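A quick write-up on the structure given underneath.
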Amino acid sequence: MAETLSPVRVRFAPSPTGHLHIGGARTALYNYLIARKTGGQFILRIEDTDRKRYVAGAEEEIINGLHWLGVDWDEGPDKGGPYGPYRQSQRKEIYQQYAQMLIEQDKAYYCFCSPERLEKVRQEQLSRKESPHYDGTCRRLDPQEAKARVMAGEPHVIRFKTPQEGTTTVTDLLRGEITVENRVLDDYILVKSDGLALYHLAAAVDDHLMKITHVIRGSEWLPTFPLHGLIHRAFGWQEPVWVHLSVFLKPSGKGKMSKRESAELIKDGYSIFIKDLQGLGYLPEAVVNWIALMGWSYDDHTEFFTMADLIEKFSLERLNPAPAAINFTKFDHFNGLHIRHLPVEELAKRIKPFLLEQGYEVDEDVLLKITPLIQERLHTLDEVVEIAGFFFRADVQPAAEDLVVKDLSPKESYELAQKILKILNQLPDMRVSTSEPPLRQFVEESGLKPAQVFGLIRAAVTGQKISPPLFESMEIIGKEMVVKRMEKAISILKKMAEEAESQA
RNA sequence: GCCCCCAUCGUCUAGGGGACCAGGACGCAGCCCUUUCAAGGCUAAAACGGGGGUUCGAAUCCCCCUGGGGGCACCA
């Protein structure tokens, strides 16, 4: 299969009925990538023909989410373009016009069956263990008579006159030819009784009118794919290249993520909704890298991709049709990778909101100093609070047991802390080059292990058992604060030593 | 029930008849580095779902089975 290098026109066509999730984002991303790679156009089209399911704000969320990811489009509802409008609810008349053409050519027909009757037929078929489908009542109506009933104002829909014999073969770029028996295809409704087109008609008409060359969409469309081919052919249009992407499965690999499961993910610090990811501490760069690699690969060793890399390397031919289980652990890995690739100033900028959110006052200079210390320790941006919050707190609260040195008693720890404080007090400043040599010398002379001495200082100064590098941290905190925190640790240890004494 | 799609380590994947006693990544385990935690380096364990063909030769091609997924609306 030769790579398509001529410019493509592709589209992402979400319906504004819920949150933009990683599956939709990936579809948008792939469309965007192939458009940019080939120098073609990427179009955003809102498929809002179902007024009942319309969710206010959903379109805005889609737009914001895509922008955040770094995916932009050339034509769309927010920026216009030569083939607009780009909202299907504003294209009602266009679809009706095309539906009319089909009726005139006897490729579609009016149907007056009520939803109630349809439902009854469906139930009967189900009870007979038949696959539910339209029974064809109105298909047999005389066209003139049907037209008259329509003129008289009788409620009706328009159905596609699906061939009842033979087979239909459509071609998916990843799967090859797919052939189905026409008799298993239904006489799908093209236009609803409210006059608005259903997806099957609207998408076909728009894809043709908007000169879409490649339809890259989710594989939930595979079952109706033959119908879509049939519709294009009924109009005599050339079909676009069809590409059906794999689906995302839940981490266990057992089925798609349910609504409830998706909502509960947030408790573990994860989400499949793009709107949540920023607040959870994820980088758009990492999201893009992660989702790009679920269903697509470049070669057997490259895994780190920037958007620019992806535009250069992406190809439809290397798409994988098999379903992929979502792996959040790998997501964290990619996030850490991209965090480490960020310039320090940029990382500092992205970390700041998480600190501010905690109510910390963030000094820019301090922030720029601590950022390099935590850069390789961060997997998500919000971890900055846990790892480096002590830099911004006026006081720390070390746990008493963290201050007691391994293999030493509280009393011995207390005495050790006093010696350390004495050294600290004598230092002219707290620069690494000033503090490290005398403290290391002290460790040597004391016969203790570095881990014992530095562990005590760490707990006292940072209030944590684990922290960024100690000497660098002390330099940023400054002598005054270091001494103050050491004194506080001593008082805690003193109390512990006394308690141990009285118990003995 | 019917239709469609898919099938390599736990997970994401490389592999398009011999280069494969199957490679990479995440995770997991161990070691090294190291004041903690990370990061980094090294090592280990870990897969071609089953059965038939085709072929001198199959993870790779074909068929069946099994398993998994998706769909069967006046939703998209």
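To find a chain, count down the sequence lines: A is the first, B the second, and so on, and within it residues start at 1. Since we're looking at a predicted model, the values are computed, not measured.
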Which is true for [X] with a 4.0 Å heavy-atom rule: it touches a base, it touches only sugar-phosphate, or it touches nothing?
X        : value
A:Gly295 : sugar-phosphate
A:Lys129 : sugar-phosphate
A:Gly255 : sugar-phosphate
A:Trp221 : base
A:Thr302 : nothing
A:Val157 : base
A:Lys52  : sugar-phosphate
A:Phe471 : base
A:Arg440 : base
A:Pro251 : nothing

Using whole Å, what does the distance between atom [atom2] of nucleotide [N] and atom [atom1] of [X] come to?
X        : N     : atom1 : atom2 : value
A:Leu337 : B:A25 : CG    : P     : 12 Å
A:Arg217 : B:G71 : CZ    : P     : 14 Å
A:Asn320 : B:A25 : CG    : P     : 19 Å
A:Trp242 : B:C5  : CH2   : P     : 16 Å
A:Asp186 : B:G1  : CG    : C1'   : 16 Å
A:His333 : B:C26 : NE2   : C1'   : 7 Å
A:Lys254 : B:G68 : NZ    : P     : 6 Å
A:Arg377 : B:A38 : CZ    : P     : 10 Å

Given that A:Leu126 and A:Glu303 both sit by RNA chain B, which one's nearest nucleotide is further toward the 5' end?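 Closest to the 5' end, via its nearest nucleotide, is A:Leu126.
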Residue met sooner reading RNA chain B from 5', once A:Val184 and A:Pro14 are mapped to nucleotides: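 The 5'-side residue here is A:Val184.
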Is the gap between the ring centers of A:Tyr86 and A:Trp73 under 6.0 Å?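 No, they do not, as the ring centres are separated by 6.0 Å or more.
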Kindly state whether the ring of A:His228 and the ring of A:Tyr199 have centres lying under 6.0 angstrom apart.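 Ring centres of A:Tyr199 and A:His228 closer than 6.0 Å.
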Options [options], nucleotide nearest the side-chain atoms of [X]:
X        : options            : result
A:His200 : B:A38, B:A76, B:C6 : B:A76
A:Leu222 : B:C72, B:C4, B:C12 : B:C4
A:Lys192 : B:G70, B:C74, B:C6 : B:C74
A:Thr329 : B:A14, B:C4, B:C26 : B:C26

With a 3.5 Å limit on both atom pairs, tell me what B:C48 is paired to, counting Watson-Crick and G-U wobble, or say none.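 Answer to the pairing question: none, since B:C48 forms no Watson-Crick or G-U pair.
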Strand partner of B:G1, provided both Watson-Crick or wobble distances fall under 3.5 Å: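 Check on B:G1: paired to B:C72, both distances under 3.5 Å.
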Is the backbone of A:Glu177 close enough, under 3.5 Å, to the side chain of A:Thr171 for a donor and an acceptor to pair up by distance?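 Such a contact is absent between A:Thr171 side chain and A:Glu177 backbone.
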Looking at the base of B:C75, is there any donor atom on it, or on the side chain of A:Arg53, that sits under 3.5 Å from an acceptor on the other one?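 Side chain to base: pair found, below 3.5 Å.
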Between A:Thr380 and A:Asn335, does any side-chain donor sit less than 3.5 Å from a side-chain acceptor?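 Distance-only check fails for A:Thr380 and A:Asn335.
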Mind checking salt bridge (charged side-chain N to carboxylate O under 4.0 Å, His left out) for A:Arg91 and listing every partner two or more places apart, or none if nothing turns up?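 A:Asp206.
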Tell me every residue that passes salt bridge (charged side-chain N to carboxylate O under 4.0 Å, His left out) with A:Lys330, counting only those two or more places apart in sequence or in another chain.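 Testing A:Lys330 for salt bridge (charged side-chain N to carboxylate O under 4.0 Å, His left out), a comparison that skips the adjacent residues, returns A:Glu303.
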